[in-house]
Peer 1: 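Sharing a structure with you now.
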Amino acid sequence: MRKYFLILMVSFLYSCHSDNCSKNLSFELDYHLFEDIKINGKTYCELVNGALKGDKDSILDLSKISIGDFGSYQHGAVLIEIIDIVTIDKYLIIVSSLSEKEKKQLYYTIWAGLEFTSNPKYEGKHIETIFPELKELLGTDKWDRKS
């Protein structure tokens, strides 16, 4: 049993430090949460790096991803970093084409990211106050957090 635990821990540590996403983010990304994600032939890490460089397709693809559990908090923090770099105005233009369902998912992901982020600009803030334009675009007045 101890042997398996040790193998699991080494594997976990290696996977967390073998990605090249974290060096571009303000926090250590638990990459193993996203290693199975591939969109249009790109890994999650490739999408993150492309989005941080302003690639519109990467930004849109990342904004459409639905991730459950703890991964949604980290994914939301990644989106916040992207918004911070590309600016909210450019981000709004890129995500304006999302469907209603995608907009709703994006709202919850950003909300979770604000709970997780270590970026002092956004830490402890709420989507309604920090990104009012995004809240308006996402049309969150049509539904509440319980639905």
Peer 1: Going by the rule side chain to side chain donor-acceptor pair (under 3.5 Å), which residues pair with S99 if we only count those two or more places apart in sequence or in a different chain?
Peer 2: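 Applying side chain to side chain donor-acceptor pair (under 3.5 Å) to S99 gives E102.
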Peer 1: Excluding sequence neighbours, so at least two apart, what forms side-chain contact (heavy atoms from CB on, under 4.5 Å) with L60?
Peer 2: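 Once residues adjacent in sequence are excluded, the partners of L60 under the side-chain contact (heavy atoms from CB on, under 4.5 Å) criterion are K64, I94, S97, L98.
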Peer 1: Run the side chain to side chain contact (heavy atoms under 4.5 Å, CB included) check on D89 and I93 step by step: do they pass?
Peer 2: CA-CA 7 Å; D89 293 332; I93 291 167; 5.6 Å; no
Peer 1: Quick one: does L138's side chain get under 4.5 Å of K104's, heavy atoms only?
Peer 2: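 Result no, sub-4.5 Å side-chain heavy-atom pair not found.
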Peer 1: Could you tell me which non-hydrogen atom of Y91 sits nearest to which non-hydrogen atom of S63, and how far apart they are?
Peer 2: OH-OG, 2.7 Å
Peer 1: Taking side chain to side chain contact (heavy atoms under 4.5 Å, CB included) as the criterion, tell me which of N49, V48, L47 meets it with C45.
Peer 2: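 The side chain to side chain contact (heavy atoms under 4.5 Å, CB included) with C45 is passed solely by N49 among N49, V48, L47.
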Peer 1: Could you measure the distance from the OG1 atom of T117 to the CG atom of N119? Nearest 0.5 Å is fine.
Peer 2: 4.5 Å
Peer 1: Taking atom CD1 of I127 and atom OH of Y107, what is their separation to the nearest 0.5 Å?
Peer 2: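 Reported to 0.5 Å precision, the distance equals 5.5 Å.
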Peer 1: How close do A77 and F116 get, heavy atom to heavy atom, and via which atoms?
Peer 2: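 Scanning both residues, the minimum pair turns out to be CB-CD2, 3.6 Å.
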Peer 1: I need the I65 CD1 to I39 CD1 distance, nearest 0.5 Å.
Peer 2: 3.5 Å
Peer 1: Using the side chain to side chain donor-acceptor pair (under 3.5 Å) criterion, which residues pair with D57? Sequence neighbours excluded.
Peer 2: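 D57 satisfies side chain to side chain donor-acceptor pair (under 3.5 Å) with no other residue.
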Peer 1: Applying side-chain contact (heavy atoms from CB on, under 4.5 Å), name anything that partners I88, two or more places apart in sequence or on another chain.
Peer 2: I83, L92, F131, E133, L134
Peer 1: What residues form a side chain to side chain donor-acceptor pair (under 3.5 Å) with K101, not counting sequence neighbours?
Peer 2: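 Side chain to side chain donor-acceptor pair (under 3.5 Å) list for K101, sorted by chain: empty.
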Peer 1: Do the charged groups of K42 and D61 touch, with an N to O distance under 4.0 Å?
Peer 2: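 Salt bridge absent between K42 and D61.
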Peer 1: Taking all atoms of both residues into account, what is the closest heavy-atom pair of Y44 and H75, and its distance?
Peer 2: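 Y44 and H75 have their closest heavy atoms at OH-ND1, 2.7 Å.
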Peer 1: Kindly give the heavy-atom pair with the smallest separation between A51 and S58, and that separation in Å.
Peer 2: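 Scanning both residues completely, I find the closest heavy atoms to be N-CB, 3.6 Å.
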Peer 1: Could you work out, with side chain to side chain donor-acceptor pair (under 3.5 Å) as the rule, every residue matching S72, not counting sequence neighbours?
Peer 2: none
Peer 1: Show the nearest heavy-atom pair for residues G54 and V86, with the distance to one decimal.
Peer 2: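 Minimum heavy-atom separation between G54 and V86: CA-CG1, 4.0 Å.
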Peer 1: Can you name the residues that form a side-chain contact (heavy atoms from CB on, under 4.5 Å) with S66, not counting sequence neighbours?
Peer 2: Q105
Peer 1: Roughly how far, to the nearest 0.5 Å, is CD1 of I85 from CG of L52?
Peer 2: 4.5 Å
Peer 1: Atom NZ of K135 and atom OG1 of T129: how far apart are they, to the nearest 0.5 Å?
Peer 2: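 K135 NZ to T129 OG1: 11.0 Å, rounded to 0.5 Å.
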Peer 1: Would you sort out whether I82 and L62 count as a side chain to side chain contact (heavy atoms under 4.5 Å, CB included), showing the intermediate values?
Peer 2: CA-CA 10 Å; I82 291 166; L62 283 171; 3.6 Å; yes
Peer 1: If the condition is ring-ring contact (aromatic ring centres under 6.0 Å, His included), which residues does Y73 pass it with, not counting sequence neighbours?
Peer 2: none
Peer 1: Side chains of I59 and D55, heavy atoms from C-beta outward: is any pair under 4.5 Å?
Peer 2: no
Peer 1: If we only count heavy atoms from C-beta on, is the I80 to I130 side-chain gap below 4.5 Å?
Peer 2: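 In short, these two side chains do not touch, never coming nearer than 4.5 Å.
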